[in-house]
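Since the structure comes first, as structure tokens, the remarks are kept for the end.
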Amino acid sequence: MATPDFIRTLRADAGHQLLWLPGVTAIVFDDAGRVLLGRRADNGKWSVIGGIPEPGEQPAECAVREVYEETAVRCVAERVVLVEALKPVTYPNADVCQFMDITIRCRAVGDGEPRVNDDESLEVGWFALDALPDLHETGLFRIKQAMADSPTWFDRG
């Protein structure tokens, strides 16, 4: 994911130390029940769609924006399915971040034909749930929670 300008400004003062940041994941389904995924340009792996909200941006707005920016698919946010503090991540440039992820189930609207729409993705596409590419376990868990008709998941510690 591209680094937002406000984080570059923070990094000018904070250096590489840990930044605690919001993150939003969008699990987008189409009318056929397929899920939207992107193959990331930074590591070549398939992933669910997500990003960092701009200051003052609501999580649902961020989900809708990120989906469009990365895939050109229009969607609407339906509900929060998961809230979770993720483990810290150290990037190749030595920056350290830890994200509070809010995962939102979304529904595609309009024609829903995905295409690579920025430089963060190599490929984007719809996948049947029984034909998913290799995904990290966090992505699989988020898809599972988005499919469930249950209350928002959170770690009860």
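Just so you know, these numbers come straight off a predicted model, no measurement behind them. As a basis for the values below, the full set of heavy atoms in this structure was taken, side chains included, without hydrogen atoms, waters or symmetry mates.
- Note that CG of Asn117 is 8.5 Å distant from CD of Glu69, once rounded to the nearest 0.5 Å.
- When all heavy atoms are compared, the tightest approach of Ala26 to Ala63 is CB-CB, 4.0 Å.
- Interatomic distance, Ile27 CD1 to Leu82 CG, rounded to the nearest 0.5 Å: 9.0 Å.
- Within the 4.5 Å cutoff, the side chain of Leu36 has no heavy atoms near those of the Asp30 side chain.
- Evaluated for a side chain to side chain contact (heavy atoms under 4.5 Å, CB included) with Arg142, the options Leu135, Val81, Asp101 yield exactly one hit, Asp101.
- Between the side chain of Arg11 and the backbone N or O of Gln17 there is at least one donor-acceptor pair closer than 3.5 Å.
- Asp134 has its side chain out of reach of Lys45: every pair of non-hydrogen atoms, C-beta onward, lies at least 4.5 Å apart.
- Under the 4.5 Å side-chain criterion, counting only non-hydrogen atoms from C-beta, Thr103 is not in contact with Phe141.
- Between Glu66 and Val24 the shortest side-chain heavy-atom distance does not fall below 4.5 Å.
- Leu129 and Phe127 fall within the same hydrophobic cluster, defined by Ile, Leu, Val, Met, Phe, Trp and Tyr side-chain heavy atoms under 4.5 Å apart, directly or through other members.
- Nearest heavy atoms, Val96 versus Pro88: CG1-CB, 4.3 Å.
- Without hydrogens or angle criteria, Thr152 side chain to Val80 main chain gives a donor-acceptor distance under 3.5 Å.
- Proximity of Asp31 to Phe29: side-chain heavy atoms (C-beta onward) are nowhere separated by under 4.5 Å.
- In this structure, a donor-acceptor pair under 3.5 Å is absent between the side chains of Arg40 and Ser47.
- Across all their heavy atoms, Pro53 and Arg65 have their closest contact at CA-NH2, 4.1 Å.
- Note that CG of Leu19 is 5.0 Å distant from CG of Leu21, once rounded to the nearest 0.5 Å.
- Neither Ile102 nor Leu86 shares a network with the other; the hydrophobic side chains, linked directly or stepwise wherever heavy atoms of I, L, V, M, F, W or Y lie under 4.5 Å apart, form separate groups for each.
- Taking all atoms of both residues into account, the shortest heavy-atom contact from Ala85 to Trp20 is CB-CH2, 3.8 Å.
- Connection of Val116 to Leu122 is not established within any shared hydrophobic cluster, with ILVMFWY side chains joined at heavy-atom distances below 4.5 Å, either directly or through further cluster members.
- Using a distance-only test at 3.5 Å, with no hydrogens or angles considered, no donor-acceptor pair links the side chain of Gln98 to the main chain of Val89.
- Once rounded to the nearest 0.5 Å, the distance linking CD1 of Ile104 with CD1 of Ile49 reads 14.0 Å.
- The minimum heavy-atom distance between Gln145 and Ser150, with the atom names listed, is NE2-OG, 4.4 Å.
- At least one side-chain heavy atom of Leu140 sits less than 4.5 Å from a side-chain heavy atom of Leu132.
- The distance from the CD1 atom of Ile52 to the CZ atom of Phe6 is 6.0 Å, given to the nearest 0.5 Å.
- For the atom pair NE2 (His16) and OG1 (Thr90), the distance works out to 11.0 Å, reported to the nearest 0.5 Å.
- Atom CG of Asn43 is surrounded by more than 12 heavy atoms from other residues, nucleotides or ligands within 6.0 Å.
- Minimum interatomic distance between Trp46 and Gly125 (heavy atoms only, all atoms of both residues): CZ3-N, 4.3 Å.
- Atom CZ of Arg74 has 12 or fewer neighbouring heavy atoms from other residues, nucleotides or ligands inside a 6.0 Å radius.
- A heavy-atom distance below 4.5 Å is found between the side chains of Val48 and Leu37.
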